[in-house]
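One structure is given below, encoded as C-alpha cells.
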Number of protein chains: 2
Amino acid sequence: MPHPKFIAHLQAIEGLSDDERRQIAALPSTLRQVSDGEILLRQGEDASRCVFVVSGFLYQARIVGDRSQILAFHVPGNMPCLHTLLVSPMDADLVGLGPSIVGYVAHSPLKQLLDGSIHLTRAFWRETLIDAAISRQWIARLGAQAALPKVAHLICELAARLAVVGLVKNGRFQMPMTQRHVADACGLSIVHVNRTIQELRGRRLIAWEGSEIELLQLDELRALADFTPDYLT
Amino acid sequence: MPHPKFIAHLQAIEGLSDDERRQIAALPSTLRQVSDGEILLRQGEDASRCVFVVSGFLYQARIVGDRSQILAFHVPGNMPCLHTLLVSPMDADLVGLGPSIVGYVAHSPLKQLLDGSIHLTRAFWRETLIDAAISRQWIARLGAQAALPKVAHLICELAARLAVVGLVKNGRFQMPMTQRHVADACGLSIVHVNRTIQELRGRRLIAWEGSEIELLQLDELRALADFTPDYLT
DNA sequence: CGTAAGGTTGATCGTGTTCAACCACCGTGG
DNA sequence: CCACGGTGGTTGAACACGATCAACCTTACG
C-alpha cells in the first residue's frame, strides 16, 4: 500500500471505483528519504519514473537570469512530474523542501495501467489540469497583485491544499520553507518578503514561528489575498 | 474539413495516423466570426463545447483587484478551452483579439471519440500539457524578469508559436494586439510598455507598425529575452 | 467635422530593490 | 566547554524601476 495520500487526492478530484483504487495501489513503487535542498530531478533531465510526495514538501524551480524562480510547490498527495509521462524532459529542477519522503513509480507500469483504462487516464489527465489551474492562478498573482496580497495568497493556497489531505489542524500547519523560498515563489526580494510577513503578523492575520504557521483570521486573510479555493479541485 | 490548422498542430505535437486525422476531421463543428473584444466564454461559465482558433487571436483574461490580467494568448491551431472537457467551469474570460474566426466542437462527440482511442486521448492530453508548459514559462517571466526582457519574451513566444502554423514570413507576422494587451499580459503599466517597445525599436530588434511586427535581429532579441523555444513542442 | 481609441511624452511619486550591518540560533570541532 | 562559522531572520538607508497623473498627438470612423 504505497501511496494512500495520492490515491485519496485522485479520489477527491475524480471518483474512482474500488477496483481502480486497487489497481493504482498495486503499482510497484519504492519509497525514499529526501533531504532539504536535495535535487530529485534536474532541468533537462529525461524522467523514466514519476514521483509522488508522501510527506514533506517539494518544489520546482528554474534559474532565470541571476535569480531562481519557483514555479510550483508540491504537498503530500501530489505527483509533481506526472507530465513527464507524456513530455519527458523536465523544464525545471525538482527539489526537496525540508526532510521529506517521496515514492517512485516507473513510467512503464503506469503507462500500461493507463493504456488499459480510459477512465483512469481521464483521472490522471485531470490531475495535470488541476496543476495547470494552479499555474494560471500563479500568473494572476505574479502579474497583478502587490507584495502583501501575493504573500497572503501563497499562504492561503498552501493552507487550502494541505487541508485537502488533512494536514491542517485548528488552522495550524507545518511550513518548512524559508523566507527565501517565499521570495523566489512571489518574485520579490527576500528583504521585502520579511517586511511583508511582519505586516501580516502585525495585522494579526497569521502567526509564523519556526516551521509552523497559524491562520489567525482566515476570512480576512483570504479577502486581503483575493483568494477563492475553488480552482483547487 | 473544419480545422486543418488544429490537426496540423496536434500532428506536430504527437504523431497521428491517417485514420486518426480523418476521425478528428469528421467531428461535427461550426465556424463563427468573432469581433474584436467579444467575449466568447465568461469566467465561471460551464462550457458544453470546445473552441478552436481558425484565424486571428484569442486571449484569456481574469479581473484581479482593479486590473485585468491576461493568462494566455491563443493563435490559430490552438484549442483554448480543451480543459473544459474534464473541468467544465472556465476560470477566465475567453476574448477575441482583432477580428477572428473560431470553430466549435461539442463536448459529447469529442468525448465519444476520445473514449474510443487511448492514443487520441494521449494526443489531446499532451496538447493541454503544452499549454501548461507555456503557463509555467509565463510564471518565470512574470516573476523573475525585468520589463524589457518580459516584453521581448512575449514577442519571441508569439513569433515561435505562429511560426509552427506557418504564419511568420520573412520574420514578419500579424499582431493585432494593442499596447494595453501587452501591459495586461506582462503585468506592466501601459505607459511603461510603450517606453519598453520604443527601447526595442531603438535597439533595432523589432519593427512594430500598425498590426505588423518584424523581427529584425531574432538572435539578439532571444538573447535579451532569455528565450528558448523548446518548451513549445 | 467631432469623437473615441491608441499611441507618445514629461514630471512626479512610491513600491520594492539593493547594500550593509547585525542578531539569534544551532551544530561542529578545537 | 566555548569558539567558530553558517544559515535564517531583522533592520536601516539610499536607490531605481516602474507606476501614476496629465497632457497632447495621430488616426480611424461615424
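So that the names make sense, note that chain A is the first sequence line, chain B the second, and so on, each numbered from 1. All values reported here derive from a predicted model rather than from experimental measurement.
For B/His74 and B/Phe57, the distance between ring centers is not under 6.0 angstrom. The ring of A/Phe6 has its center closer than 6.0 angstrom to the ring center of A/Phe124.
Counting to the nearest Å, the P atom of C/dG7 and the CD atom of B/Glu199 are 18 Å from each other. Regarding B/Ile197, its CD1 atom lies at a distance of 8 Å from the P atom of C/dT8, rounded to whole Å. Between the CG atom of B/Leu188 and the P atom of C/dT15 there is a distance of 18 Å, rounded to whole Å. Rounded to an integer number of Å, the gap from A/Trp208 CH2 to D/dG8 P is 13 Å. Here C/dG14 presents its C1' atom at 16 Å from CG of A/Leu148, a figure rounded to the nearest Å. The nearest whole Å value for the distance from the CZ atom in A/Arg67 to the C1' atom in C/dT17 is 10 Å. In this structure, the CZ atom of B/Arg195 is 8 Å from the P atom of C/dG10, given to the nearest Å. As rounded to whole Å, 14 Å separates atom C1' of C/dA4 from atom CG of B/Asp36.
Checked by atom type, the side-chain pair B/Arg62/A/Gln137 shows a donor-acceptor distance below 3.5 Å. In this structure, a donor-acceptor pair under 3.5 Å is present between the side chains of A/Thr178 and A/His181. Using modelled atom types and a 3.5 Å distance limit, the side chains of A/Trp138 and A/Glu157 yield a donor-acceptor pair.
The nucleotide whose nearest atom lies closest to any side-chain atom of A/Thr178 is, among C/dG7, D/dG9, D/dG18, D/dG9. For A/Ala146, counting side-chain heavy atoms from C-beta on, the closest listed nucleotide (C/dT18, C/dG16, D/dG18) is C/dG16. The side chain of A/His192 sits closest to C/dT17 out of D/dG18, C/dT18, C/dT17. The side chain of A/Gln179 lies closest to D/dT10, out of C/dT17, C/dT8, D/dT10.
Looking at heavy-atom distances under 4.0 Å, A/Gly187 makes contact with sugar-phosphate atoms alone, never a base. Using a 4.0 Å heavy-atom cutoff across all strands shown, B/Gly37 reaches no nucleic acid atom at all. Nucleic acid contact for A/Ile190: none, since no nucleic acid atom lies under 4.0 Å from a heavy atom of the residue. Across all strands, A/Ser189 comes closer than 4.0 Å to base atoms (heavy-atom distances).
The bend of the helix from C/dC1-D/dG30 to C/dC26-D/dG5, defined by the angle between the axes of its first five and last five pairs, stands at 30° to the nearest 10°.
Taking a cutoff of 4.0 Å between a charged side-chain nitrogen and a carboxylate oxygen, B/Glu212 and B/Lys169 do not qualify as a salt bridge. Taking the charged nitrogens against the carboxylate oxygens, A/Arg195 and A/Glu199 have no contact shorter than 4.0 Å, which rules out a salt bridge.
At C/dT9, one or more side-chain N or O atoms of B/Gln198 fall inside 4.0 Å of OP1 or OP2 (strictly under the cut-off). Look at A/Asn194 and you'll find a side-chain N or O under 4.0 angstrom from OP1 or OP2 of D/dT10.
Sparse packing is recorded around CZ of B/Arg180, with 12 or fewer heavy atoms of other residues, nucleotides or ligands lying under 6.0 Å away.
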